[in-house]
Structure formats: structure tokens, C-alpha cells
Amino acid sequence: MSGYAALVPLPVVVPLLGAALTLLLVDRPGPQRTVSVVGLSASLVVAVVLLVEAYRNGPVVMRVGGWPPTAGIVLVADQLAALMLVVSSAVTLCVLFYSIGQGRGETGESAPLAIYHPTYLVLTAGITNAFLAGDLFNLFVGFEILLAASFVLITLGGTEVRIRTGAMYVVVSILSSMIFLAGTGLVYAATGTLNMAQLAQRLDALPDGVRLSLQLVLLLAFGIKAAVFPLSAWLPDSYPTAPAPVTAVFAGLLTKVGVYAIIRTETLLFPGGDVDGLLMVVAGLTMAVGILGAVAQSDLKRIFSFTLVSHIGYMIFGVALSSVAGLAGAIFYVVHHITIQTTLFLVAGLVEARAGSTDLRRLGGLARAAPLLGLLFFVPAMNLAGIPPFSGFLGKLGLLQAGVAAGGPLPWALVVAGTATSLLTLYAASRVWNIAFWREPPAAVEQPAVRLPKLMVAATAALVGLGLVLTLVAGPLFGVTTDAATDLRARTPYLRAVLPGGAP
Amino acid sequence: MRGTGLTLVLVVVVGVLAGSGVTLLLERSLTRILLGVILLGNGVNVLILLGGRSGGAPVVGAGPVERMSDPLPQAMILTAIVITFGLTAFLLAVAYRSWYLTGDDEVEDDLEDRQVAALAARNELAAPDHGGEGPDDDPEQVDPEPLPRRPGPTP
């Protein structure tokens, strides 16, 4: 076991310890903030180190408690997991600064409570645990940790609206967990193991029908979490009512954990591509229905919720192609989309703080009143729509090229749908720009001249900057995602790292 | 059930628990949904139990290893029970809070969804975009009357 292996549990353990500390410091906001910032910064550093190590020397594996991998829990940081860790740590850190800025700047119902920091840290621990999990049950536990934390965050303050939408979110999430748990039980019954590396070997030997039904049960569970049409209806109703930083981190990360689980199961456990046709149809419908929903909305947060659903379709499309190019494009798109979607929700929070509403009918003239805010909205919005040279364009281009290379009627249909979705996203984004930022403000609405807290603006600007950096380093980043996709398709690096002695 | 693999009774129990659980989940009252979650959770737990070999207590020294039951599903069920317990408590709190705030614990349709549907029925746009000429040079620009954000009394 190399020295790096000892680092693997840290992104889970450090936030959990931080959560315990911040609970103890519940009356003292200052030290609470320090603990949260230090904990998440440490996670980010560890994640970067793990990514470098995984890129150079292959997956880093930690056997918790020294148990053999088939009996105990393994945590695996391969390139995909480490890349997700880096992006999620960076994004959660930025959002943490944003919420600290928000807490300083305002009081009242939307101000974070003392419980916010511990819950937020538990949420990040759940996310990193899901990324690092080397067996299905630990993945389930990771999901449960992040869900339990997200329940608290989405009903923060317990107002009527949040309870109404939160109740639905809780019920839907619990249902998907039940399906996942049942799937886990069925997988265990069929194979006698839950370790993913061992499953990869044993699932191949199962009869086709059994394997397909196991795959569909797991896909159903992950599809609800990833908000894939027709399992996406819960998302646009529940996300917009939460506080801005909470919505931002949910939108950026929680659905992507579902996408990550889909990538993992489709490549490692069920590599045959049996359901590619189904996934492609679903991906196309997710894109189309999501973006048409966004066009019909009149609230900034709801528009972004629908574009979130819509762009999940791109990632599923990449997975469904079952090629290295498609998978590399999907992973790149996940990285890009985590950053951009989080940024847009933070901007929506800034708009709410500046103009008192995110309802388009009450907004106007923001470009003149707050030019910097306009810039902070414009850059990620164009990035999301896929305007060259931004990373959104490069990610979509990579996926569309992979689709064209695959050929056949379904991939071509998806290429057309992807292009149309990109154009409609541009329409939705420019509609927001025209109404909220460009037109004369509605006469009936007086614009409160509040100054935005500097830390909120700085955190949002940092994420906008991160989006631009993704554009600048798109070449090397595509190199890493292609490498990760090659490893995922080959499966051997993962299997050899987890089970060095071969199959027991 | 020592030594007898699958028993039909347990399979039927899983079916009944899951079926009644899903039926209750489809209700609008949070209390019934909660009961549905509990039933469904127990159904899934029994399902996991069926996945492992049955036999004697899995304690070293209590009997021959090959006649022991599989301890792993039992460990998983313990974890799942704890998780379901926590989520149930939270859902109960949400139901209570909902009753406290609104007088009932019903899950309502989304307000914005209903608004969009009503607009679509009247063939209107949610927030019309009257061109992008800029704030000053479009004299015919009409601002729509802002609709009330939510029907009914505002808190």
C-alpha cells in the first residue's frame, strides 16, 4: 500500500470531523466559518494530489481497516473519481465563501442558521464518499449521507414554501433510495458480492436476462437522482425554493453524483452496452423536454433548473455512445456543467439580493444598475449555451463529434437534438438577458439600491473564472478525460488496482 | 427456516409489503406517505435478507462454518434500518411542520406549474420578451402587469 493510499479517506473524513467541530461551535459563527473553510480547503488539496497520483500511476486504493478487498470496504480514487473530487471540492469551497458572504450581508429568513455549516460539511462528505466508494453498498451509504444532509438544507428555516417543496423532494429521494437498496440486495443475491471489481467479473457470468434486469433496477434508481426524463419532474419544483447557495450546490453536484453512478455502473459493471438504445432515447427526451420547460418559465431559478435537467441529457448521450470519445466527452461535460450550473444559480442568488426577486416579470434594467452583475451572468450563460470559445462549446463539440463518429440513425438524431437544445439554451439565456438586464425596469417595481456583499460577488467571480480556466485548459483536460475514459472502457486498471491477486 | 433456502412465505411478504407501501406512497397525505415509506423499507429489508444463505448464527465456534447463515445481508439490513429510521423521523418532522403551518399535511401541486399550465390554456406567454432594442429606443415596449406571485393569502 503506497503512502498515497492513506490520503484517500481524507476527503470523507475531514468534512465529517469538521461537521462535528462546527456542531460543537454552534454558538460561535467565527470559528465555525474557519473550521469549514479549512476543512474544505484541505479536501481540495488532497483531491488535487490524488488526481495527479491517479493520472501518473493509476488508481489509488485504500482498504479501510486492512481487510481484504472482498470482505471489507475499499475506497478507490481512479482518474474519474479523483477528477470529480477536485471539481466538487473546488465548487463546494466557492459556494461556502458565497454563503459566508451572504450570512454577513443580510439577516432574516434566508440568512444561514447555525446548523448550516455542519450540514453543509456532511453533504460534502456524502458526495466525496459516493465518488470514492468501491462497493455498491458504500455507494448507497454515500447517497444516504448526502440525501439526509440535503433534506435539512432544502427545508432550512422551515417556511411554508420550503416545507411544501421539500416534502416532495424528500419523498422522491427516499423512493429512489429504496429502489437502489432493493437493487443492491438483488445484485448481492445474484452474485454474492458487492465489491465493484468483483462484481465486474461475476456479473459477466450471469444469464443475460438477470443481468439486464439488475442493470435496469440500478439505472432506475440513479436515473431519479440524476433527473433523467421521465424521472426528472421533481427537480424544477423543489430546487428553486431553497436558499441560493444550497440550490447552487444541489444543482451543480447532486445530479452529477447520479450521473457519476450511471457512468460507473455502465462502464465497470455492465459494459456490454445492452441499454444504449434506451439511454439514447431517454437522453434525447431529457434534452428536449428540459429545454422546452426552460423556455416556458418566468422565474430565473426555475429556468436554470430546467436547463439543468436538459443538459443532463448531454452526459447520458455520451455514456450511451459506449465509445472512448463519447465517454471522454461526457466526463468533460460533467466537469464543465458542475461549474457553470453552480455559477448560474449563484448569479440568480445575487440577482435576488440586488433586485429583491428572481421573477422575470419584476426584473429589468439590471445591466445599467449593476454592470458587474450583468457580466457575471453573461459569461456563464453564454458558456452554458455553447458559444465558442467557451468550455460549453468544446464539451458539446466533443460529444457531437463522438456521435457523428458512431454513425447510425439514433446517434445522428441525438446530434440534431443536441444542436437544437444548444440553440434553445441560447434562446432561454438571451431571453433572461433581454428581460432582466436590458429592458427598462417595470414602472411598478422600485429597485432597492442595495450593495451586494463583496464576498458573495468575489465567490461568484471566482467560479466564473474557474469556468474560463476550464476553457483555457480544455486541451489537457480533454487529455485527462480521454485517459479516464480509456481506463473505464478497458476496466483492467481498476480491477488490477482493487484485486491485485486476481480473482479470489 | 434453517437450511431451507428461499421460502415462499417470505417472498409473498416482500410482495405484500412493497405493494401496500407503494399504494400508500401514492396518497397525498404525508402521514400515509410516511407509513408507505416504512412498509416499503421493511419490504426491501426482507428482500435483502432473502439474498443470503440461511443457517445457524454466524458466530465462529457456534457451529460448522458451512452451516452458518450469511452475515453480510444482516449487516446491510441493520444499516438500512438505521437509515430508514432517521429518514422516517425527518419525514415525520416535515409532516408535523406542514400541519403546523397550513393546517393539513397534504402534498400540493406545484404553484408555478399550475400557473404555467393556466397560461398555456389561455395561450399566453409567461414573460413576453418585446425585442432587444435596449431600454430607451423602443417606445412601444409594454410592460405586462405583474401577476400575483401566488394565489391566495400571502404569509
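None of these values were measured; they are calculated from a predicted model. Residue numbers begin at 1 in each chain, while the letters A, B, ... track the order of the sequences.
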* Backbone N/O of A/Asn434 and side chain of A/Arg439: donor-acceptor pair under 3.5 Å -> no
* Structure fact -> All heavy atoms of A/Val12 vs all of A/Ala125, minimum pair found to be O-CB, 3.7 Å
* Which pair of non-hydrogen atoms, one from A/Ala242 and one from A/Ile154, has the smallest distance, and what is that distance? -> CB-CG1, 4.0 Å
* Asked: Does any heavy atom of chain A fall under 4.5 Å from the side chain of B/Leu34, the backbone, both, or neither of them?
  -> neither
* Residues of residues 70-77 of chain B with any heavy atom under 4.5 Å of a heavy atom in chain A -> B/Asp70, B/Leu72, B/Pro73, B/Met76
* With a 4.5 angstrom heavy-atom cut-off, which part of A/Phe137 approaches chain B: side chain, backbone, both or neither? -> side chain
* Kindly give the heavy-atom pair with the smallest separation between A/Ala227 and A/Val309, and that separation in Å. => O-CG1, 3.8 Å
* Given a strict heavy-atom distance threshold of 4.5 Å, which part of A/Val152 is in contact with chain B: side chain, backbone, both, or neither? -> both
* Asked: Where does A/Leu186 contact chain B at under 4.5 Å (heavy atoms): side chain, backbone, both or neither?
  -> side chain
* Going from OG1 on A/Thr184 to CD1 on A/Ile179, what distance comes out if it is rounded to the nearest 0.5 angstrom? -> 11.5 Å
* Asked: Looking just at side-chain N and O atoms, do A/Thr165 and A/Asp237 make a donor-acceptor pair shorter than 3.5 Å?
  -> no
* **chain B contact via A/Ile174 - which portion, at a heavy-atom distance below 4.5 Å** => side chain
* Give the minimum heavy-atom separation between A/Gly374 and A/Phe437, together with the two atoms involved. => CA-CE2, 3.5 Å
* **Residues A/Glu352 and A/Ser357: side-chain donor-acceptor under 3.5 angstrom** => no
* Asked: Side-chain donor-acceptor pair under 3.5 Å between A/Thr307 and A/Thr425, yes or no?
  -> no
* Asked: What heavy-atom pair brings A/Leu139 and A/Met196 nearest, and what distance separates the two atoms?
  -> CD2-CE, 4.3 Å
* Asked: Which region of A/Leu147, side chain (C-beta onward) or backbone (N, CA, C, O), has a non-hydrogen atom less than 4.5 Å from a non-hydrogen atom of chain B, or is it both or neither?
  -> neither
* **Pi-cation contact, A/Phe143 with A/Lys225 (under 6.0 Å, within 45°)** => yes
* To do: Side-chain contact test, heavy atoms from C-beta onward, threshold under 4.5 Å: evaluate it for A/Leu156 versus A/Ile115 and give yes or no.
  => yes
* Structure fact -> Residues of residues 83-102 of chain B with a heavy atom under 4.5 Å from any heavy atom of chain A, in residue-number order, are B/Ile83, B/Thr84, B/Leu87, B/Phe90, B/Leu91, B/Val94, B/Arg97, B/Ser98, B/Leu101, B/Thr102
